[in-house]
J.: 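Here it is, the structure, as structure tokens.
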Amino acid sequence: FEYESEACKFYYTKPVHKGKCNDCQSSNVGSNHTYTSDFKIITQSGKELWVEAKGGGYCWTGKTRAKHILLSKQFPEREIRFVFTDAQALIKQGSKTTNKQWCARYGFKCASRLIPKAWLEE
């Protein structure tokens, strides 16, 4: 595996709220961002996985969740997975949705505490 390696860095475009292009006046504009996953893992079959480690607290914000949905849509060939301190924890205080439920809803695989051996053996 590699930790925050250059190899797993890629750029994505985030739509700009109420933005306008200065040249064509289009409202379909975005800003470029760089994303580096926590870990890049090469499985036994050679498949590349990008794994995000998420603990408790405020690191798993709505903005962060939206970024990962956007990344998965723009780069469907890149598989992003999550390892949470607790996949059964709520995505935010007062929510009825757990981390695991959120991942299932948006097509991400996830685990609690450790990267599953089965992921490495794929």
Side-chain angles (χ1 to χ4, degrees):
F1 74 92
E2 297 174 15
Y3 176 72
E4 291 188 347
S5 68
E6 285 293 315
C8 60
K9 185 181 281 189
F10 55 101
Y11 297 91
Y12 67 99
T13 302
K14 179 180 172 187
V16 176
H17 180 67
K18 295 185 180 180
K20 249 188 193 201
C21 175
N22 292 332
D23 295 329
C24 69
Q25 300 304 308
S26 171
S27 58
N28 186 19
V29 296
S31 59
N32 289 324
H33 297 265
T34 303
Y35 166 75
T36 303
S37 68
D38 290 332
F39 299 97
K40 181 177 87 169
I41 296 173
I42 309 298
T43 67
Q44 286 181 353
S45 67
K47 182 178 181 179
E48 291 184 6
L49 303 177
W50 282 263
V51 179
E52 281 292 313
K54 296 294 181 194
Y58 299 105
C59 63
W60 190 230
T61 64
K63 186 176 178 180
T64 303
R65 292 189 302 273
K67 172 180 69 177
H68 285 92
I69 293 168
L70 183 63
L71 286 166
S72 70
K73 287 180 181 176
Q74 287 187 21
F75 301 95
E77 73 282 2
R78 307 234 185 206
E79 187 170 351
I80 301 170
R81 298 184 184 184
F82 297 94
V83 176
F84 297 100
T85 301
D86 181 4
Q88 296 299 335
L90 300 176
I91 60 172
K92 66 179 184 176
Q93 189 175 3
S95 175
K96 293 181 180 179
T97 304
T98 66
N99 294 319
K100 188 174 183 175
Q101 290 169 332
W102 181 90
C103 285
R105 181 179 304 146
Y106 292 101
F108 295 105
K109 291 184 180 181
C110 73
S112 287
R113 301 187 53 115
L114 300 171
I115 295 172
K117 187 176 180 183
W119 290 5
L120 306 175
E121 294 172 345
E122 289 182 16

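The basis for the numbers below is simple: all heavy atoms, side chains too, and nothing from hydrogens, waters or symmetry mates.
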J.: Hey, would you say the Trp60 and Phe82 ring centroids sit under 6.0 Å apart?
T.: yes
J.: Would you compute the distance between atom CD1 of Ile80 and atom NZ of Lys67 and round it to the nearest 0.5 angstrom?
T.: 9.0 Å
J.: Can you tell me how far CH2 of Trp50 sits from CG of Asp38, rounded to the nearest 0.5 angstrom?
T.: 13.5 Å
J.: For Ser72 and Tyr106: C-alpha separation, side-chain torsions, deciding distance, then whether side chain to side chain contact (heavy atoms under 4.5 Å, CB included) applies.
T.: CA-CA 9 Å; Ser72 70; Tyr106 292 101; over 6 Å; no
J.: What residues form a salt bridge (Lys or Arg N to Asp or Glu O under 4.0 Å) with Lys117, not counting sequence neighbours?
T.: Glu121
J.: Out of curiosity, Thr64 OG1 to Ile69 CD1, how far, rounded to the nearest 0.5 Å?
T.: 11.0 Å
J.: Taking only residues two or more places apart in sequence or in another chain, which ones pass side chain to side chain contact (heavy atoms under 4.5 Å, CB included) with Ala87?
T.: Phe84, Lys100, Cys110, Ser112
J.: List in chain and number order the residues that pass side chain to side chain contact (heavy atoms under 4.5 Å, CB included) with Glu122, two or more places apart in sequence or in another chain; answer none if no residue qualifies.
T.: Thr43, Lys47, Arg81, Lys109, Trp119
J.: Between Asn99 and Lys54, is the side chain to side chain contact (heavy atoms under 4.5 Å, CB included) condition met? List the steps.
T.: CA-CA 10 Å; Asn99 294 319; Lys54 296 294 181 194; over 6 Å; no
J.: Could you list the residues that satisfy side chain to side chain contact (heavy atoms under 4.5 Å, CB included) with Ala104, not counting sequence neighbours?
T.: none
J.: Under the side chain to side chain contact (heavy atoms under 4.5 Å, CB included) rule, what do Tyr35 and Glu52 come out as? Steps first, then yes or no, please.
T.: CA-CA 11 Å; Tyr35 166 75; Glu52 281 292 313; 2.7 Å; yes
J.: Taking side chain to side chain contact (heavy atoms under 4.5 Å, CB included) as the definition, give me every residue that meets it alongside Glu77, ordered by chain and number, with sequence neighbours left out.
T.: Phe75
J.: Roughly how far, to the nearest 0.5 Å, is the NZ atom of Lys63 from the CG atom of Leu70?
T.: 12.5 Å
J.: For the atom pair CG (Leu49) and CZ (Arg78), what is the distance rounded to the nearest 0.5 Å?
T.: 12.0 Å
J.: How long is the straight-line distance from NE2 of His68 back to OG of Ser37, given to the nearest 0.5 Å?
T.: 8.0 Å
